[in-house]
Amino acid sequence: MSRSPGRVLPIAACAVVLVAIVGVTAAVLDVEGRRAIFSATLLVLDAVGAVYFFRAARRSPYPSSWRLAGLSRIASITAGVTLAISSVTDAEALWWVGTGLRMLMFGLISAGAVISRMVDLSGRRRYAFGAELLTVLASGFMLTWYFALDPLIENWEPGPLWVATIGFTIGDLLMLVSASALLLGGAVPRITHPVTPLVFGMLLYLVTDAIWSALAVRGLHPESSLVLGGGIVLATALITLSPILISTGSRSPVVRQRLTGQPAWSARLPLLALVFGGGLMLIVTVREDNILLWGGLVLGLIVMTTSIMLRQVISLRDSRDLIVSDVLTGLANRTGLDNAITRSLRRHEHGTLMLIDLDGFKLVNDAYGHPAGDHMLTTFAHHLRASVRHTDTCARIGGDEFAIWLPDATDDTHTIAERLLQTPTVALDDDTVPIRASIGLAPTTDADDTIKDLMRRADLAMYHAKRAGTHSWTTYDPAMTDRRAEDAALTEDLQHALDRDELHVLYQPIVDITTGRTLGAEALLRWEHPARGFISPVRFIPLAERSGAIARIGLWVLEQALTARPSGSYMSVNLSPRQLQDPTLVHDVLAVLHRTATAPSRLVLEITESALVDATHAPTLQALREHGIRVAIDDFGTGYSSLQYLTRLPVDILKIDRAFVAELNGTPEGRAIAEAVIRLAQVLHLTTIAEGIETPDQALELQTLGCTRGQGYLYAKPLPAHALTEVSTAPDA
């Protein structure tokens, strides 16, 4: 029977503690064999540690660091065995090998600790962290210089023991770096954290080993000391406990989480190191008179002071960045953008301001939550940086509004705009959501341009990009007019258009091209404004989508269309991407089908390619299709590159856009795109419907290519409901 994780933890931990207790107890009872007992105990603890360090690497987000620590335990084991053989055989070569392996042990565990923090830092934060480590290291160097290195250099002749003592002292400093890296990096957020024993073990090890070296250089024999030997054993046991706690302990996700920052108190540690170094200098001033001793201490103090100064410089730069940088994305903020533009304008450089607004960001933020919105913003910020030149300035100037200043930009601006529209995606929960944007470009025109002028032009260009359809870019033109006030008024009227009976539905028959029989019809919404007259759907549908009115209007159109559907035919109704985001859409559509007594197979819902590529719409489309409702892609080939989605998402019909039908002129070039769409549909077992058929020649060519269904003025203009009934004579579609 396998043990539960809760039972493995105390057994493994208690075994380590028991080994340490038995080893120390045996050393107390056997003074003569004390050194051998301590060595054997350390070998056992290192062996256990090596196993569990590698196991911990499987659970930690820093596997390389734990593997390096495991290798350090292996180096310690090998060093212990090699030095033991050397002491028995008097083989000097083995002694050097063992000493080198002991040094390697210190280097590996130090490298693991430092790497675990450096991988999460970048730029100036990494340099600041290095400066803090250097400050603490310099303080430790002053201490070891005073108690170990200076006496060694003054009193000992160079030789193997002289080299080994210096090496082990350097090893203690590396152990200090290891513990400091973990403490300063926030690896011990609380005393009960699994990494806590590792840090305390390192600190105890370096203190005990440093005392050992200080006694050795003064001619004493610390190898027979029960306190020092027991301290090394206890330190090794603590170091071994951490990987055990991580690899076999509680399944809490805390050990799987990456560290997010340094603890607040860590900023005081370098200052304490500086105070310690200064205090040691004061003591030496009073008690000593030794040039060599002073030389080492002064060197350490100089290094500490330099490190502190470097850290302060970095802090000042970070403070400046807070003024000109956006905290969330790391891009420039509005102040940073203004500074960059001002510098260019002062140098009379030509440039282009690019204003970018994310389409549908509020919907994503509402649907998935604020953290998901932040994730989308940071992902798009990374996309911005990767899409521009190093001389350009990227900025976040509002909630979901970004800007790029392109100095000395000419034809590159259009290339960059197209690159930005190469839709990046962001993973939210189990969905992959494309990030779309509307972009306005405003190039400088003369020497009198101001930041305000450029922002106004770019904003107007972006507004026109949004009016033309989401996920596009537009360059400012002096002929552009600001219709936002007009749009706002029209949007207000649209909210009441349904109640005032200003909206009506027309129907364009969909026919069998071969026989001319009517198979179904597409519902087309029209708005007759009492003051403005006829308003094109191209004008008011985007307003309805942005205002949210499309949800109510769309269901009304659906009910009108199904009520007007002639017996024996089907009805095709357009569905906007905004409607697909409504969680009650499936329920609402089924309710309309029930009220109108319409079979689901008699309904086709048309969506755009932009809706197809949004993975968040897939569950809704799948649910509709499971109820027997068919899905058509309208104007196929004019929007996004959605071929990869056709094989994965529920689609039944491809509608060939009227622009491709208009190109049909009997030549291979004219029919190339229409033929490609038809062939693709045949391979995927999809039905094709051609839109905008106006001449018999177009109908004949489509029929020759394999498309047997179509709609257009050749057959009928959009008709009212009573006229549709008269022309609908076909049986089942």
Side-chain angles (χ1 to χ4, degrees), residues 19 23 27 33-54 57 64-115 141 144 148-149 152-153 156-178 201-202 204-206 208-217 219-225 228-229 231-233 235-237 239-240 243:
V19 169
R34 179 172 295 167
R35 185 174 181 181
I37 292 171
F38 281 146
S39 297
T41 304
L42 291 174
L43 286 175
V44 174
L45 292 174
D46 282 338
V48 175
V51 172
Y52 280 100
F53 271 118
F54 283 106
S64 298
S65 298
W66 288 102
R67 292 190 187 104
L68 286 172
L71 291 174
S72 77
R73 297 298 89 196
I74 294 175
S76 179
I77 294 170
T78 311
V81 172
T82 305
L83 290 173
I85 296 173
S86 171
S87 65
V88 174
T89 60
D90 291 328
E92 184 177 350
L94 289 178
W95 183 89
W96 282 106
V97 171
T99 301
L101 288 171
R102 181 84 184 279
M103 286 297 301
L104 179 62
M105 179 267 290
F106 287 115
L108 288 171
I109 198 167
S110 177
V114 173
I115 288 173
F141 171 77
T144 56
L149 293 179
L152 178 70
I153 295 172
W156 286 37
E157 293 294 329
L161 291 177
W162 188 86
V163 173
T165 304
I166 291 179
F168 293 153
T169 302
I170 294 174
D172 293 336
L173 292 177
L174 291 176
M175 194 67 80
L176 175 63
V177 169
S178 303
M202 288 177 173
L204 179 59
Y205 196 105
L206 78 90
T208 308
D209 204 49
I211 295 174
W212 189 301
S213 298
L215 294 176
V217 299
L220 303 176
H221 299 283
E223 63 272 6
S224 60
S225 171
L228 295 179
I232 294 291
V233 169
T236 305
I239 291 173
T240 305

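Worth knowing before you read on, the calculation uses all heavy atoms, side chains too, and leaves out hydrogens, waters and symmetry mates. One is the number of the first residue; the rest follow in order along the sequence.
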With no hydrogens and no angle check, is any side-chain donor or acceptor of Arg73 less than 3.5 Å from a backbone partner on Asp46? no
Shortest non-hydrogen contact from Pro243 toward Ile239: CD-O, 3.2 Å
Could you pull out the closest heavy-atom pair between Val233 and Leu45, with the gap in Å? O-CD1, 3.7 Å
Could you give me the CA-CA distance, side-chain angles and deciding distance for Leu228 and Leu215, then say whether side chain to side chain contact (heavy atoms under 4.5 Å, CB included) is met? CA-CA 11 Å; Leu228 295 179; Leu215 294 176; 3.7 Å; yes
Donor-acceptor under 3.5 Å (Ser86 side chain, Ala91 main chain): yes
Which heavy-atom pair separates Tyr205 from Thr236 by the least distance, and what is that distance? CE1-OG1, 4.0 Å
Spatial distance of atom OG1 (Thr165) from atom CD1 (Ile170) [nearest 0.5 Å]: 11.0 Å
Here the gap from Ile232 atom CD1 to Ser39 atom OG, rounded to the nearest 0.5 Å, amounts to 11.0 Å
Output for pair (Leu94 CG, Thr99 OG1), nearest 0.5 Å, gives 10.5 Å
When every non-hydrogen atom of Gly98 is compared with those of Ala79, the smallest separation belongs to O-CB, 3.4 Å
Indicate yes or no for a side-chain donor-acceptor contact from Thr144 to the backbone of Phe141 under 3.5 Å, with no hydrogens or angles considered. yes
Quick one: closest heavy-atom pair of Ser110 and Ser178, and the distance? CA-OG, 2.8 Å
Closest heavy-atom pair and its distance - Met105, Ser72: CG-O, 3.1 Å
Just wondering, do Phe54 and Ile74 contact through their side chains at under 4.5 Å, heavy atoms? yes
Would you compute the distance between atom CD1 of Ile115 and atom CZ of Arg67 and round it to the nearest 0.5 angstrom? 12.0 Å
Do the non-hydrogen side-chain atoms of Thr41 and Ile37 ever get within less than 4.5 Å of each other? yes
Do Leu101 and Val97 touch side chain to side chain, with heavy atoms closer than 4.5 Å? yes
Euclidean distance, Phe38 CZ relative to Arg35 CZ, rounded to 0.5 Å: 12.0 Å
Could you give the distance from CG (Asp209) to CG (Asp172), rounded to the nearest 0.5 Å? 4.0 Å
